[in-house]
Asker: 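I am attaching a structure below and will ask some questions about it afterwards.
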Amino acid sequence: MSWTLRTADLDDLARGAALLGTGGGGDPFVGKMLVTQALGEAGEITILDPEELDDDAWVIPVAQMGAPTVVVEKMPRGTEPELALITLERHSGRTADATMPMECGGINSMIPLLVAARRGLPVVDADGMGRAFPQLEMETFSVYGISASPLAMANEHDEVAIFDTGSDNSRLEGLARGVTSRFGGMAHIAQYSMTGADVKRTAIPRTLSLALTIGRSIRLSREQRVDPVQALVDGLADTLYGYGRVLFHGKVIDVDRRTDEGFARGSVRIAGVGDEELEVQFQNENLIALHSGVLHSGVLQSGVLVAIVPDLICIVEADTAEPITTEGLRYGQRVAVIGIATPPIMRTPEALAVFGPASFGLDRPFRPVETLEQPVLAE
């Protein structure tokens, strides 16, 4: 069912979207501030259930592109994504009936809301990742036959570009990434134009609703003095994701983070009790979690896989369950690491070929988080 988004919903939505963004997707605070300002004039935004879309409706997703670390120092002006959408409309000769997120991440769940408020468009309650990924071709849209071209890009100086690589979405990623770097490490894009029928076939449904529900659950559990981390995990059972568990508790003891080729790359080490450690490697988003310590078998092992992409690896504050992005990781933080199963549409052979472990240069095969042995958790 479609619903109405108002300013009062933004804190919860941003929190839930940041959690689903698995460390990436951009700073949720920045996105929330931009949408809050736009909603001051628009008042509200209609969020369309994908099943209520007309099959011939024209939907243009929008997003921010670039390394999340850049956004911390380079604030968007707020007009860039709307300009990208207008540029694509002019290029294609077709006007959008709705917009939609490309990914479910901090700022990139907010960018479509910003465009919707400024343009008077509804936003489809769905996206193409169900989490965040670092590259443009890593979309269920792409996996199931939607071309990423043409792509329109805009920056804060009203400079625009159009890219069209036909059906080669990987080539498009490389070209757009290069120009994004020349734009100063950040740009805003509109692409994956599709019909309502295509949305129903290729998108992950109701992820904005899910983000709002997750964010609200975390807030309410704090107010009710219930463990927010456990409440979050328990609440996943009734969602499309279906499964989640706490992988580790501990303190951040090292962060290796660098901006490289338009991505935030690196790793974080988290110490538990005794000799236990968890290492999480990331490329914008958290990709793999490796445990060193005692397993249920009672054997001390190192580099034991406890979660791997495309399943979600989410790092949150231990006491509040507030999501921590990769650019927000700091020495000394007390954290919990949560593993969440992805929806079935993201675990098909076709999907794993596009955004499975090998796509990130990882030498381990995908194994569902719910099938992996759970280590003895540090408290």
Asker: Apply the hydrophobic cluster definition, ILVMFWY joined by side-chain contacts under 4.5 Å directly or through others, and give me every member besides Val59.
Answerer: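 Reading the cluster by chain and number, Val59 sits alongside Leu48, Leu53, Met100, Val124, Phe141, Ile146, Tyr192, Met194, Val199.
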
Asker: Would you please name every residue forming a side chain to side chain contact (heavy atoms under 4.5 Å, CB included) with Thr87, sequence neighbours left out?
Answerer: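 Expected list: Leu83, Ala152, Val160, Ile162.
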
Asker: When you check the side-chain N and O atoms of Ser92 and Arg94, is any donor under 3.5 Å from an acceptor?
Answerer: no

Asker: Hey, is Arg119 close enough to Glu89 for a salt bridge, meaning N to O under 4.0 Å?
Answerer: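 Judged by the 4.0 Å cut-off on N to carboxylate O distance, Arg119 and Glu89 do form a salt bridge.
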
Asker: Which distance, rounded to the nearest 0.5 Å, do you find between the CG of Leu5 and the CG of Leu10?
Answerer: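 It is 5.5 Å, given to the nearest 0.5 Å.
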
Asker: Test of understanding: with salt bridge (charged side-chain N to carboxylate O under 4.0 Å, His left out), list the residues that count as partners of Glu370, not counting sequence neighbours.
Answerer: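 Expected list: Arg347.
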
Asker: For Thr165, what residues pass the side-chain hydrogen bond (donor to acceptor under 3.5 Å, both in side chains) criterion, not counting sequence neighbours?
Answerer: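 Listed in chain order: Ser149.
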
Asker: Which atom pairs, donor and acceptor, lie under 3.5 Å between side-chain atoms of residues 353-365 and protein residues at least two apart or in another chain?
Answerer:
residue: Ser359; atom: OG; partner: Val354; partner atom: O; Å: 2.9
residue: Arg364; atom: NH1; partner: Gly303; partner atom: O; Å: 3.2
residue: Arg364; atom: NH2; partner: Gly303; partner atom: O; Å: 2.9

Asker: Who are the side-chain hydrogen bond (donor to acceptor under 3.5 Å, both in side chains) partners of Gln333, not counting sequence neighbours?
Answerer: none

Asker: Residues two or more places apart in sequence or in another chain: which of them pass salt bridge (charged side-chain N to carboxylate O under 4.0 Å, His left out) with Lys251?
Answerer: none

Asker: What residues form a side-chain hydrogen bond (donor to acceptor under 3.5 Å, both in side chains) with Asp56, not counting sequence neighbours?
Answerer: none

Asker: Restricting to side-chain hydrogen bond (donor to acceptor under 3.5 Å, both in side chains), what partner residues turn up for Asp12, sequence neighbours left out?
Answerer: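 Residues passing side-chain hydrogen bond (donor to acceptor under 3.5 Å, both in side chains) with Asp12: Arg15, Arg219.
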
Asker: Using the salt bridge (charged side-chain N to carboxylate O under 4.0 Å, His left out) criterion, which residues pair with Asp11? Sequence neighbours excluded.
Answerer: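 Counting only residues at least two positions away or on another chain, Asp11 forms a salt bridge (charged side-chain N to carboxylate O under 4.0 Å, His left out) with Lys32.
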
Asker: Quiz question: by atom type and distance under 3.5 Å, do the side chains of Thr4 and Glu44 form a donor-acceptor pair?
Answerer: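 Thr4 vs Glu44: no donor-acceptor pair found between side chains.
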
Asker: Which of these passes side chain to side chain contact (heavy atoms under 4.5 Å, CB included) with Val316: Val335, Val337, Leu19?
Answerer: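 Among Val335, Val337, Leu19, the one that satisfies the side chain to side chain contact (heavy atoms under 4.5 Å, CB included) with Val316 is Leu19.
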
Asker: List the residues meeting salt bridge (charged side-chain N to carboxylate O under 4.0 Å, His left out) with Arg171, not counting sequence neighbours, and say none if there are none.
Answerer: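 Applying salt bridge (charged side-chain N to carboxylate O under 4.0 Å, His left out) to Arg171 gives none.
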
Asker: According to the salt bridge (Lys or Arg N to Asp or Glu O under 4.0 Å) rule, which pairs have a member within residues 139-148, sequence neighbours left out?
Answerer: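 Residue pairs passing salt bridge (Lys or Arg N to Asp or Glu O under 4.0 Å), neighbours aside: none found.
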
Asker: Just to verify, which of Thr7, Asp9, Leu34 counts as forming a side chain to side chain contact (heavy atoms under 4.5 Å, CB included) with Leu39?
Answerer: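 Output: one option passes, namely Thr7.
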
